[in-house]
Amino acid sequence: MRDEDYLSLTRGELMPHKVILKHGQELEEEQEELAEHQPLEQEDLNFERWKRRPLPKRTLHQKIDDLKTYLWNAETNEFMGRSGKSWSLILLFYAALYTFLAAMFGGCLFCLMWSISPYHPTFNDRVMPPGMTMAPHLEGHDIAFNASDRKSWKKYARSMDEYLRPYNDGAQEKKNIRCAPDRYFMQDDLEESAERKACQFRRSWLGDCSGLQDPHYGYSQGRPCVLLRMNRILGYLPGQGKPINVTCGVKKGPPEALGEIQFFPKSFFDLTYYPYYGKLRHVNYSSPVVAVRFAGVQQDTHIQVQCKLNGKGIVNDSPTDRYLGSVTFSLDVGA
C-alpha cells in the first residue's frame with residue numbers, strides 16, 4: 001500500500017471521531033444553557049432549607065472549659081489567644097506609644113508654663129467691669145425673717161460673723177498697714193515676685209453693722225444689715241481716679257417701703273485698696289466692704305432691692321449679667 005493511500009485511509013478513519021467529539025461538546029454546552037434558563041423547582045424556592053441551622057446549646061461545663069482554654073491553652077502555650085511573643089510585642093508597642101504621648105504632653109505643658117507669668121495675665125487687652133457680691137448669702141438672694149422669731153434670723157447673723165472674721169481689728173493690725181485714703185496704692189516699682197503690702201480694713205469701721213455693738217446686726221430689731229463687696233480684678237483701677245459710689249433702691253414694690261438707708265463706713269469704695277496684685281503677691285489683701293443698714297424698712301411688705309455701683313467705667317445695667325455692677329435681692333421683714 002502506498003503511503004498516500006495509507007494517509008488518506010487514516011484521515012478517513014480519524015475524521016468521524018473528531019466530528020463526534022465536536023458535536024458532543026456542543027451538545028453539552030446546549031444542555032447547560034437550557035438548564036440555566038429552566039424555571040426553578042418548588043424545592044429550590046423553599047428558602048427555609050437554606051437557613052443556617054441553629055447550633056446545639058452548650059452546657060455550662062462546656063462553656064467553662066472553653067473559657068479555661070481561652071485563658072490558657074496548654075497545647076499551644078497561648079494566653080487569651082496570644083503567645084508570649086505576641087503579648088510582648090503588644091506591650092512594647094503600647095509602652096512606647098504612651099511614653100511618647102506623655103512626653104509630648106509634658107513638653108507642651110512645660111512650654112506653656114514657661115511662657116506665662118504666674119503673677120499677671122500675659123494678654124490683658126480687655127478688662128471687664130467689676131461685679132458685686134453680698135452677704136448674707138444663704139438661700140439665694142432672699143432675706144426673709146421675723147424680728148420676734150430668733151430662729152428665723154439667727155442664720156443670717158451667723159453668716160455675717162463668718163464673713164467678717166478676717167476683718168477683726170487684731171488680725172488687720174497684725175497683717176496689714178494703714179494707708180493714705182483717696183488715692184491708689186501703687187506698688188509697681190517692686191520686683192515682679194515681691195510680696196505687696198495690703199491696707200487695713202477694720203471691722204470696727206462698719207459701725208452698727210460690724211456686729212461689735214449689736215451682735216445681731218439689726219435683725220432682732222427689724223433693721224437688717226447687708227454687706228456689699230466689689231469683685232477683685234487683677235490690676236484694675238476703678239473709677240479712673242474717683243471712688244466708686246454705691247446706691248440702693250427698690251426695684252419691685254412700693255418705693256416708700258424701703259425707708260431710711262445707712263452706709264458704713266461710707267457709701268463708696270476707697271481708692272486706697274486698689275490695684276489688686278493677685279493672691280500670690282497680695283497675700284494678706286482684704287477687699288473693702290460697704291455695709292448697708294435698712295433702718296426704716298416697712299414690715300410685712302415684700303420688696304425687691306437693687307444695689308448698684310456707680311462711677312466711670314462701671315456697667316450696672318447689663319441685660320445678660322445681673323451681677324455685673326449690681327446685686328438684687330428680696331427683703332421681707334416681719335414683726
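Excluded from the calculations below are hydrogen atoms, water molecules and symmetry mates; all remaining heavy atoms, backbone and side chain alike, are included.
Contact annotation: the side chain of Tyr217 never approaches that of Ser210 to less than 4.5 Å [non-hydrogen atoms, C-beta and beyond]. Contact of the Asp66 side chain with the Arg58 side chain is registered, since non-hydrogen atoms from C-beta on lie closer than 4.5 Å.
In this structure, the side chain of Asp214 engages the main chain of Gly218 through a donor-acceptor pair within 3.5 Å. A donor-acceptor distance shorter than 3.5 angstrom exists from the side chain of Gln62 to the backbone of Thr59, with no hydrogens or angles considered.
Cluster membership check: Leu309 shares its hydrophobic cluster with Met134, using side-chain heavy-atom separations under 4.5 Å among Ile, Leu, Val, Met, Phe, Trp and Tyr.
Here ring pair (Phe, Tyr, Trp, His ring centres under 6.0 Å) pairs that include residues 148-185, with residues two or more places apart or in two chains, are Trp153-His216, Tyr156-Tyr219, Tyr167-Phe201.
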Exercise for review: Please report the C-alpha distance between Tyr276 and Tyr285 in whole Å, then the side-chain angles of each, then the deciding distance to 0.1 Å, and finally whether the ring-ring contact (aromatic ring centres under 6.0 Å, His included) criterion is met.
Suggested key: CA-CA 8 Å; Tyr276 171 61; Tyr285 180 80; 4.8 Å; yes
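Taking Asp149 as the reference, nothing meets the side-chain hydrogen bond (donor to acceptor under 3.5 Å, both in side chains) condition, with sequence neighbours excluded.
For the residue pair Ser83 / Asn77, no side-chain donor-acceptor distance below 3.5 Å is found, with atom types taken as modelled.
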Throw together a table of side-chain donor-acceptor distances under 3.5 angstrom for residues 260-269, partners on residues two or more places apart or in other chains.
from	atom 1	to	atom 2	distance (Å)
Glu260	OE2	Gln262	NE2	3.4
Ser267	OG	Asn245	OD1	3.3

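Taking the six-membered ring for Trp, His282 and Tyr273 have ring centres at least 6.0 Å apart.
Look at Arg203 and Asp169 and you find no salt bridge, because none of the NZ, NE, NH1 or NH2 atoms lies under 4.0 Å from a carboxylate O.
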